Amino acid sequence: MAELNRLGVISLGKFTAVMLGLFALFFGGIYSFIGAFVGFFGAPDLETASVVIFALIIIPIGFAIAGFIVGTLTALIYNITSRVSGGID
């Protein structure tokens, strides 16, 4: 049976960054579609455009950065605790 003793710190960081970035891009697309739809039937102004830009660009970048940080910290904590516990079977 295989045993997981170590995780690649940068590899897990990159993986979680991509996954959270795609997650935020998907839900940011839904959010911006709803915002554009509401702005189309309401009073379209600069605020509607800024919500769309924020949802499609800023939020996915922020989620990707947060995902990288969380992924690297998770791998570091796992590597430290797996030395003591022996890893996962």
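Keep in mind that what you see is a predicted model, and the values were worked out from it rather than measured.
- Listed by first then second residue, pairs satisfying ring-ring contact (aromatic ring centres under 6.0 Å, His included) with a partner in residues 13-32 read Phe23-Phe27, not counting sequence neighbours.
- Both Ile30 and Phe54 are members of a single hydrophobic cluster when ILVMFWY side chains are connected at heavy-atom separations under 4.5 Å.
- Evaluation of the side chain to side chain contact (heavy atoms under 4.5 Å, CB included) rule for Leu73 yields Ile69 as partners, not counting sequence neighbours.
- Between the side chain of Ser82 and the backbone N or O of Gly87, no donor-acceptor pair lies under 3.5 Å.
- With rounding to the nearest 0.5 angstrom, the OG atom of Ser85 is 8.5 Å from the CG atom of Asn5.
- Going from atom OG1 of Thr72 over to atom CD1 of Ile77 covers 9.5 Å, rounded to the nearest 0.5 Å.
- Evaluation of the side chain to side chain contact (heavy atoms under 4.5 Å, CB included) rule for Arg83 yields Arg6 as partners, not counting sequence neighbours.
- Other members of the hydrophobic cluster containing Val18, listed by chain and number, are Leu22; membership follows side-chain contacts under 4.5 Å among ILVMFWY residues, whether direct or relayed.
- Ala64 and Ala17 make their closest contact through O-CB, 3.3 Å (heavy atoms, listed as atom of the first residue, atom of the second, distance).
- The hydrophobic cluster containing Ile10 also includes Phe68, under a criterion of side-chain heavy atoms closer than 4.5 Å among ILVMFWY residues, counted directly or through chains of members.
- Applying the under-4.5 Å side-chain rule to Ile, Leu, Val, Met, Phe, Trp and Tyr, the cluster around Val84 consists of that residue alone.
- Through side-chain heavy atoms spaced under 4.5 Å, either directly or across other Ile, Leu, Val, Met, Phe, Trp or Tyr residues, Val9 is tied to Leu76.
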Anything under 3.5 Å between a donor and an acceptor, one on a side chain of residues 56-63, the other on a protein residue two or more places apart or in another chain? List them.
none

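- Checked against side chain to side chain contact (heavy atoms under 4.5 Å, CB included), Thr74 has the following partners two or more places apart in sequence or in another chain: Leu12, Val70.
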